[in-house]
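No hydrogens, no waters, no symmetry mates; every other heavy atom, side chains included, goes into these values. Sequential numbering from 1 along the given sequence is applied to the chain's residues.
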Amino acid sequence: MDTEVRFVEEPERQFVDRRRKVWLECDSELYDFRGMQVLRIRHVVHGVALARFFCPRCGKKHTSLLFR
């Protein structure tokens with residue numbers, strides 16, 4: 001039985017931010033969904049959700065898809 005030893009110089013995959021994000025209409029930026037005051041979440045199709053929330057930047061109501 002042979003033993004193979006490998007040294008990893010650099011990970012094959014970079015760190016992936018797994019937090020859900022929403023798109024802010026007012027400044028075209030992605031924002032962490034956990035920091036939102038959510039009004040409603042509606043599931044459009046399997047695995048796709050639409051969120052209605054108060055924007056933390058401008059204070060208006062926005063609607064966005066939830067990005068993963």
Side-chain angles (χ1 to χ4, degrees):
M1 184 166 146
D2 293 335
T3 303
E4 183 177 334
V5 177
R6 292 185 186 185
F7 295 96
V8 179
E9 298 295 328
E10 185 175 329
E12 292 180 20
R13 294 181 185 222
Q14 298 296 326
F15 175 73
V16 177
D17 185 3
R18 298 192 184 275
R19 294 176 292 190
R20 294 188 299 173
K21 306 273 187 191
V22 290
W23 178 70
L24 301 180
E25 297 171 24
C26 56
D27 66 359
S28 302
E29 294 289 327
L30 288 177
Y31 196 85
D32 188 3
F33 180 68
R34 295 178 295 178
M36 296 290 162
Q37 181 181 358
V38 179
L39 299 171
R40 185 174 91 183
I41 297 177
R42 184 175 61 148
H43 296 279
V44 181
V45 293
H46 180 71
V48 178
L50 196 62
R52 182 104 172 127
F53 55 91
F54 284 109
C55 177
R57 307 249 192 235
C58 68
K60 295 180 182 178
K61 294 178 185 176
H62 291 306
T63 303
S64 171
L65 290 173
L66 277 173
F67 298 96
R68 294 182 189 247

- Going by side-chain heavy atoms closer than 4.5 Å, which hydrophobic residues are tied to V48, directly or by a chain of links?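 Traced through the cluster, V48 reaches W23, L30, V44, V45, L50, L65, F67.
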
- Message: Under 4.5 Å side-chain heavy-atom separation, chaining through any Ile, Leu, Val, Met, Phe, Trp or Tyr, what else clusters with F53? Say none if it is isolated.
- Response: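 When side chains under 4.5 Å apart are linked, the cluster holding F53 also contains V22, L24, Y31, F33, M36, V38, I41, L66.
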
- Message: Please report the interatomic distance CZ(R20) to CG(D32), rounded to the nearest 0.5 Å.
- Response: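 Rounded to the nearest 0.5 Å, the CZ-CG separation comes out at 9.5 Å.
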
- In Å, rounded to the nearest 0.5 Å, how long is the span from SG of C58 to CD of E25? 8.5 Å

- Message: Taking salt bridge (charged side-chain N to carboxylate O under 4.0 Å, His left out) as the cut-off, I'd like each qualifying pair that reaches into residues 38-65, sequence neighbours left out, listed once.
- Response: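 For residues 38-65: D27-R57.
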
